[in-house]
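To keep things clear, I will list the structure first and then write my remarks on it.
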Amino acid sequence: MSPAFGAMEVEHYSKGVLLEPFVHQVGGHSCVLRFNDKTICKPLIQREHQFYETLPTEMRKFTPQYEGVVSVSFEEDEDGNLCLIAYPLNGDHDNLESLDNSDCETKNKLLRWTNKKTVLLENEKVSKEWVRQHRKEEKMKSHKLEEEFDWLKKSEVMYYSAEKKGNVSSQIKHHNPWSMKCHQQQLQRMKENAKHRNQYKFILLENLTSRYEVPCVLDLKMGTRQHGDDASEEKKANQIRKCQQSTSAIIGVRVCGMQVYQTGTAQLMFMNKYHGRKLSVQGFKEALYQFFHNGKYLRRELFEPVIKKLTELKSVLEKQESYRFYSSSLLIIYDGKERQEVAVDSDPEDLEDLSEESSDESAGAYAYKPTASTVDVRMIDFAHTTCKYYGEDSVVHEGQDTGYVFGLQNLIDIIKEIRDESSE
């Protein structure tokens, strides 16, 4: 990120940044929005905000970088189109100077997210007649879209065909069902509260998927307990039931969401939390196998980097006194678009025009060779995290979060099993 910004960039941000759905969200119920390519934002929850501001140094490499707080509001025009806009908090110029806003969309472009579909109005030059006609068409489609969202809730695992040529990542924008669902719900909540409130605080966090061309994302709900100390009896009972009926109670981890690009069939596979809750321990293992499989072969080169990072995280958490990460998730991310390197004895001119399709076995053993892949492992979602250092909590825990550590150890063991079985 840029260390400082000039007057133009500050003015650019002060006029407002249009927020878009974050297309790589695969789990959770809180809406995550794209601020720019390297930054996302989500509704500020005081406990989570406190966690990021008091985060132990040794845990920072395993969490998204915290980048501050913004004020988010929305406007609704006469045709019912909603536009979410982020502004700096009053007097928060320090926050402006630490953010790279070069790829933000300004308010002037008027990219408006309707409660049904996206409409692009370039600089208000689109005729009102066109807008009215479009809105009429949107209303006609509304019932169909509502039926589609009901179907999304019931469809726990989905496959979408993606074009082999072109930007696969951009195609995800039109397909990720969970991201769409969370975004629609957030807009609806804000619309319903419009009479009482139109200013919301959102926290800014590092976009962990920004360095990947086609992010493959696994969201795992960690720990044997999910309810916070402040949960109502009803909420507590509901969370206990979910744990008992899933792999959470048995191995301390369950699938909360998954997005995988399969090069073999050029398909995007999405798995949601409802399917994850139904998995047995064997089913959980099979889901992990599927996450590391690209449709052609198992991405074995990913195992060691993942195991190494999980083991390091486990060691860090074992030293954390009093922390409880109730209902938090763990993300594992890698690039579905494999980087290839040319063998040293290959003729560059002969290999110049080789496409991704030629990187399979027919391309020859010396044509292309997979390079070491970068894998990321991060903890997210700390709305129910507690620690004795917070002060105001009525319940104070001692020692490490044994439920979370238990889940990490089982996750490590299962990945090792997949690795060992695949090499036999």
Side-chain angles (χ1 to χ4, degrees), residues 26-28 152-160 177-178 216-226 238-265 267-311 313-314 317 325-334 336 373 375 377 379 401-424:
V26 299
L152 287 177
K153 294 176 184 177
K154 298 175 183 177
S155 303
E156 299 170 357
V157 180
M158 286 177 282
Y159 291 84
Y160 290 100
W178 196 258
C216 293
V217 184
L218 177 63
D219 186 325
L220 298 170
K221 187 71 74 174
M222 300 300 297
T224 54
R225 169 181 161 176
Q226 300 302 323
N238 187 41
Q239 293 293 344
I240 290 174
R241 176 181 55 80
K242 289 178 183 178
C243 287
Q244 291 176 339
Q245 295 177 354
S246 69
T247 55
S248 292
I250 306 170
I251 57 175
V253 56
R254 71 171 183 257
V255 174
C256 192
M258 186 192 302
Q259 168 182 297
V260 183
Y261 177 61
Q262 301 186 318
T263 58
T265 55
Q267 286 184 321
L268 294 163
M269 188 277 282
F270 299 97
M271 180 185 295
N272 67 27
K273 66 179 182 180
Y274 302 110
H275 184 75
R277 289 177 192 167
K278 295 178 181 179
L279 296 175
S280 62
V281 174
Q282 180 59 32
F284 176 84
K285 181 178 179 180
E286 291 169 358
L288 275 184
Y289 181 94
Q290 192 170 19
F291 177 67
F292 290 113
H293 202 285
N294 68 1
K296 282 185 175 182
Y297 49 82
L298 201 59
R299 295 284 300 274
R300 294 184 182 88
E301 81 278 7
L302 300 171
F303 290 140
E304 294 309 321
V306 170
I307 292 171
K308 181 180 179 181
K309 291 195 175 188
L310 291 174
T311 302
L313 172 60
K314 176 173 172 285
L317 294 186
F325 304 100
Y326 299 134
S327 199
S328 70
S329 285
L330 186 70
L331 295 184
I332 300 178
I333 311 170
Y334 70 88
S373 298
V375 180
V377 172
M379 299 172 69
D401 188 339
T402 55
Y404 198 113
V405 172
F406 175 69
L408 272 179
Q409 185 59 59
N410 284 317
L411 178 60
I412 293 168
D413 291 343
I414 292 173
I415 294 175
K416 285 182 177 179
E417 286 179 12
I418 297 172
R419 176 201 63 188
D420 296 342
E421 291 170 3
S422 66
S423 62
E424 292 177 357

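All values below were derived from every heavy atom in this structure, side-chain atoms included, with hydrogens, water molecules and symmetry-related copies excluded. In this text the structure is predicted, and so the values were computed from the model without any measurement.
Legend: residues meeting side chain to side chain donor-acceptor pair (under 3.5 Å) with K278, ordered by chain and number and at least two apart, are E156. Every residue meeting the side-chain contact (heavy atoms from CB on, under 4.5 Å) condition with L279, not counting sequence neighbours, appears here in chain and number order: V255, H275, A287. Considering only residues two or more places apart in sequence or on other chains, T402 meets the side-chain contact (heavy atoms from CB on, under 4.5 Å) condition with Q400. Applying the ring pair (Phe, Tyr, Trp, His ring centres under 6.0 Å) rule to H293 yields the partners Y289; only residues at least two apart in sequence or on another chain are considered. With sequence neighbours excluded, the residues forming a ring pair (Phe, Tyr, Trp, His ring centres under 6.0 Å) with F325 are Y323, Y404, listed by chain and number. Contacts of D219 classified as side chain to side chain donor-acceptor pair (under 3.5 Å), with partners at least two apart in sequence or in another chain: S329. Partners of F406 under the ring pair (Phe, Tyr, Trp, His ring centres under 6.0 Å) rule, at least two apart in sequence or in another chain, do not exist in this structure. Remark: R277 pairs with no residue by the salt bridge (charged side-chain N to carboxylate O under 4.0 Å, His left out) rule, at least two apart or across chains. A search for side chain to side chain donor-acceptor pair (under 3.5 Å) contacts involving K285 returns E417, E421, not counting sequence neighbours. In terms of the side chain to side chain donor-acceptor pair (under 3.5 Å) criterion, K242 has no residue partners (sequence neighbours excluded). In this structure, the side-chain contact (heavy atoms from CB on, under 4.5 Å) partners of I250, at least two apart in sequence or on a different chain, are V281.
Looking at Q226, its side chain does come within 3.5 Å of a backbone N or O of M222 through a donor-acceptor pair. Remark: side-chain polar atoms of R419 are not paired, donor with acceptor, to backbone N or O of R300 under 3.5 angstrom.
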Evaluate the side-chain contact (heavy atoms from CB on, under 4.5 Å) criterion for residues L218 and L331: first the C-alpha distance (whole Å), next the side-chain angles of each, then the deciding distance (0.1 Å), finally the verdict.
CA-CA 6 Å; L218 177 63; L331 295 184; over 6 Å; no
side-chain contact (heavy atoms from CB on, under 4.5 Å) assessment of Q262 paired with L268:
CA-CA 6 Å; Q262 301 186 318; L268 294 163; over 6 Å; no
Would R225 and C243 satisfy side-chain contact (heavy atoms from CB on, under 4.5 Å), going step by step from the backbone distance to the final call?
CA-CA 7 Å; R225 169 181 161 176; C243 287; 5.7 Å; no
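Between V253 and F284 there is a side-chain heavy-atom pair separated by less than 4.5 Å. Residues M379 and L317 meet the side-chain proximity criterion, which asks for heavy atoms closer than 4.5 Å. Side-chain contact between M258 and V217 is absent, with no heavy-atom pair separated by less than 4.5 Å. With contacts defined as side-chain heavy-atom distances shorter than 4.5 Å, the pair Q290/E286 does not qualify. Residues Y334 and R299 meet the side-chain proximity criterion, which asks for heavy atoms closer than 4.5 Å. Using a 4.5 Å heavy-atom cutoff, the side chains of L411 and L330 are in contact. Residues L408 and L310 are in side-chain contact: their nearest non-hydrogen atoms beyond the backbone lie under 4.5 Å apart.
Taken from NZ in K416 to CG in D413, the straight-line distance is 6.5 Å, to the nearest 0.5 Å. Atom CE of M271 sits about 12.0 Å away from atom SG of C256, to the nearest 0.5 Å. T263 OG1 to N294 CG: the interatomic distance, rounded to the nearest 0.5 Å, is 3.5 Å. In this structure, OG in S280 is found 9.0 Å from CD1 in I251, a value given to the nearest 0.5 Å. Atoms NZ and CG, from K308 and L313 in turn, are 14.0 Å apart once rounded to the nearest 0.5 Å.
Heavy-atom minimum distance, I412 versus K314: CD1-CD, 4.3 Å. Taking each heavy atom of Q259 and F291 in turn, the nearest pair found is O-CE1, 4.3 Å. The two residues S248 and R254 come nearest to each other via the heavy atoms OG-NH1, 2.9 Å. Taking all atoms of both residues into account, the shortest heavy-atom contact from S422 to L298 is CB-CD2, 3.4 Å.
The aromatic ring centroids of F292 and Y297 lie 6.0 Å or more from each other.
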